[in-house]
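All values derive from a computational prediction rather than experimental measurement.
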Amino acid sequence: MNKTFKKVTALFATALLAIGLTACNDKEGKTELATSSTIEQLKQAGKVRVGVFSDKPPFGYVDSQGKSQGFDVEIAKAITKDLLGDENKAEYVLVEAANRVEYLTSNKVDIILANFTVTPARAEVVDFAKPYMKVALGVVSKDGAVITDVNQLKGKTLLINKGTTADAYFTKNYPDIKLLKFEQNTETFEALRDGRGDALAHDNTLLFAWAKENSGFTVGVKNLGDQDFIAPAVKKGDVELLNWLNAEIENLGKQGVLKQAYEKTLKPIYGDAITEADVVVEYK
């Protein structure tokens with residue numbers, strides 16, 4: 001087990017210890033308990049509402065038939081089948097990077113499975129289950145002017161999505177780099193094509209897939225910052241569902257379901273560029 005995984009495991013443990021504590025409302029000066037979506041409530045409702053992306057292939061996107069597809073969606077199907085006995089009982093709610101937390105806290109979804117990177121700040125407001133994917137940041141730019149070092153971005157414009165780890169990373173570590181921010185992935189990548197920015201920063205796994213499908217662009221910075229983990233998230237204090245998800249993710253890993261999801265959705269895109277070991281968290 002590497003040091004980063006131990007660090008993330010410790011973060012999960014800290015989050016679990018915090019469950020059950022009350023959340024303070026600064027405006028009202030009152031203390032309220034989080035509302036939980038119990039397993040029985042989900043069964044009675046006959047559905048589980050899962051937040052996924054609509055524009056982040058191959059992880060979460062809407063196909064030509066209007067159906068949600070991708071790596072995260074495959075995992076959502078497996079979770080829903082084990083939880084409610086039928087993968088078709090998943091109700092996919094389309095989210096943006098910046099509103100994933102809000103969709104949980106306002107009870108618009110029961111689970112977020114939208115390429116949600118575990119961070120200490122996010123763990124203060126939502127509860128993360130065990131991770132299923134590994135990721136780092138990367139930078140993609142046009143051929144002929146490929147950015148191979150972050151220092152080359154000084155005096156240039158970097159495109160990012162609001163509320164992402166790339167947003168947080170560059171805002172904190174490189175305040176002198178000009179950031180142009182967008183809500184949706186489609187807007188951000190279109191801005192790169194149009195020349196409104198010199199480069200685009202996002203999860204490296206997404207960038208490798210995008211660059212393979214879009215000639216004329218290269219991921220010049222392949223790994224930036226620490227390796228992070230992607231995990232399902234539930235509303236803070238949703239103890240029963242969180243505990244169930246922890247056991248479920250581990251079982252999906254042991255049963256080879258995470259591997260199957262990778263082979264179905266990611267391997268056809270990445271080929272040999274990224275392996276299963278680079279992406280999928282292993283559980284034995």
Side-chain angles (χ1 to χ4, degrees), residues 1-20 34 36-43 48-52 58-60 70-87 89-90 92 100 104 109-120 122-123 126-136 203 205 226-267 274-284:
M1 182 180 291
N2 61 38
K3 292 183 178 178
T4 303
F5 191 84
K6 288 181 178 178
K7 179 175 71 175
V8 173
T9 302
L11 176 60
F12 294 145
T14 302
L16 286 171
L17 286 173
I19 292 171
S36 296
S37 299
T38 66
I39 303 298
E40 185 57 36
Q41 287 173 336
L42 294 176
K43 289 181 178 179
V48 56
R49 300 165 301 165
V50 184
V52 295
F59 303 100
F71 183 63
D72 291 337
V73 175
E74 290 300 309
I75 295 171
K77 288 178 182 178
I79 288 173
T80 304
K81 182 178 180 181
D82 289 343
L83 182 62
L84 301 179
D86 184 350
E87 67 179 39
K89 289 185 177 181
Y92 298 112
R100 288 172 294 189
L104 279 175
V109 297
D110 303 300
I111 302 170
I112 286 288
L113 273 170
N115 230 228
F116 211 5
T117 306
V118 179
T119 68
R122 289 171 178 169
V126 302
D127 282 332
F128 285 103
K130 290 186 176 182
Y132 58 89
M133 181 178 168
K134 296 174 281 187
V135 69
D203 294 347
T205 47
D226 295 331
Q227 183 181 70
D228 293 315
F229 291 87
I230 304 294
V234 299
K235 187 176 181 179
K236 197 72 175 174
D238 206 341
V239 183
E240 185 179 2
L241 186 55
L242 176 65
N243 290 340
W244 185 90
L245 275 174
N246 280 330
E248 173 71 356
I249 292 298
E250 187 170 344
N251 287 335
L252 293 180
K254 292 177 178 178
Q255 294 165 6
V257 176
L258 299 182
K259 177 181 179 179
Q260 292 169 10
Y262 163 82
E263 291 179 342
K264 179 178 179 179
T265 62
L266 303 187
K267 188 174 181 179
I274 296 179
T275 68
E276 176 195 341
D278 295 323
V279 176
V280 180
V281 175
E282 185 178 17
Y283 290 98
K284 294 182 178 180

Enquirer: Does any non-hydrogen side-chain atom of L241 lie less than 4.5 Å from one of L42?
Expert: yes
Enquirer: Would you call M133 and N115 a side-chain contact if the rule is heavy atoms closer than 4.5 Å?
Expert: yes
Enquirer: Under the side chain to side chain contact (heavy atoms under 4.5 Å, CB included) rule, collect the residues that match up with V135, sequence neighbours excluded.
Expert: T117, D203, N204, T205, D228, I230
Enquirer: What's the separation between atom CG in D86 and atom NZ in K89, rounded to the nearest 0.5 Å?
Expert: 6.0 Å
Enquirer: Nearest 0.5 Å please: distance from the CD atom of E282 over to the NZ atom of K134.
Expert: 8.0 Å
Enquirer: Grab the two heavy atoms, one from N246 and one from A129, that are nearest each other, plus how far apart they are.
Expert: OD1-CA, 3.2 Å
Enquirer: Mind checking what makes salt bridge (charged side-chain N to carboxylate O under 4.0 Å, His left out) contact with E250, not counting sequence neighbours?
Expert: K130, K254
Enquirer: Are the side chains of L84 and K43 in touch, meaning some heavy atoms are under 4.5 Å apart?
Expert: yes
Enquirer: Can you tell me how far apart CD1 (I39) and CD (E240) are? Round to the nearest 0.5 Å.
Expert: 5.0 Å
Enquirer: Kindly write out the residues that satisfy side chain to side chain contact (heavy atoms under 4.5 Å, CB included) with A233, not counting sequence neighbours, or none if the list is empty.
Expert: L104, I112, F116, V126, F128
Enquirer: For a quick test of reading the model, state the closest non-hydrogen atom pair linking V257 to A78 and the distance between them.
Expert: CG1-CB, 3.8 Å
Enquirer: Can you name the nearest heavy-atom pair linking P232 to I111, along with the distance?
Expert: CB-CG2, 4.2 Å
Enquirer: Taking atom CG of L113 and atom OG1 of T80, what is their separation to the nearest 0.5 Å?
Expert: 8.5 Å
Enquirer: What distance separates T38 OG1 from W244 CH2, expressed to the nearest 0.5 Å?
Expert: 13.5 Å
Enquirer: Locate the shortest heavy-atom distance separating G253 from L258; write the atom from each residue and the value.
Expert: CA-CD1, 3.8 Å
Enquirer: Who passes side chain to side chain contact (heavy atoms under 4.5 Å, CB included) against T265, sequence neighbours left out?
Expert: F71, E74
Enquirer: My understanding is that only residues two or more places apart in sequence, or in another chain, count here; which of them pass side chain to side chain donor-acceptor pair (under 3.5 Å) with N251?
Expert: none
Enquirer: Using distance only, find each side-chain donor-acceptor pair of residues 274-281 under 3.5 Å and give its atom names and separation, not counting sequence neighbours.
Expert:
from	atom 1	to	atom 2	distance (Å)
T275	OG1	A277	N	3.4
T275	OG1	D278	N	3.3
T275	OG1	D278	OD2	3.0
D278	OD2	T275	N	2.9

Enquirer: What's the verdict on side chain to side chain contact (heavy atoms under 4.5 Å, CB included) for F59 and I75, showing C-alpha distance, side-chain angles and the deciding distance?
Expert: CA-CA 10 Å; F59 303 100; I75 295 171; over 6 Å; no
Enquirer: Among all residues two or more places apart in sequence or in another chain, which pass the side chain to side chain contact (heavy atoms under 4.5 Å, CB included) test with Q260?
Expert: none
Enquirer: May I ask you to test the Y132-L252 pair for a side-chain heavy-atom distance under 4.5 Å?
Expert: no
Enquirer: Excluding sequence neighbours, so at least two apart, what forms side chain to side chain donor-acceptor pair (under 3.5 Å) with Y92?
Expert: none
Enquirer: For the residue pair D238 and D127, establish whether any side-chain heavy-atom pair is separated by less than 4.5 Å.
Expert: no
Enquirer: Check V50 against A76 and note the closest heavy-atom contact, atom names and distance.
Expert: CG1-CB, 4.0 Å
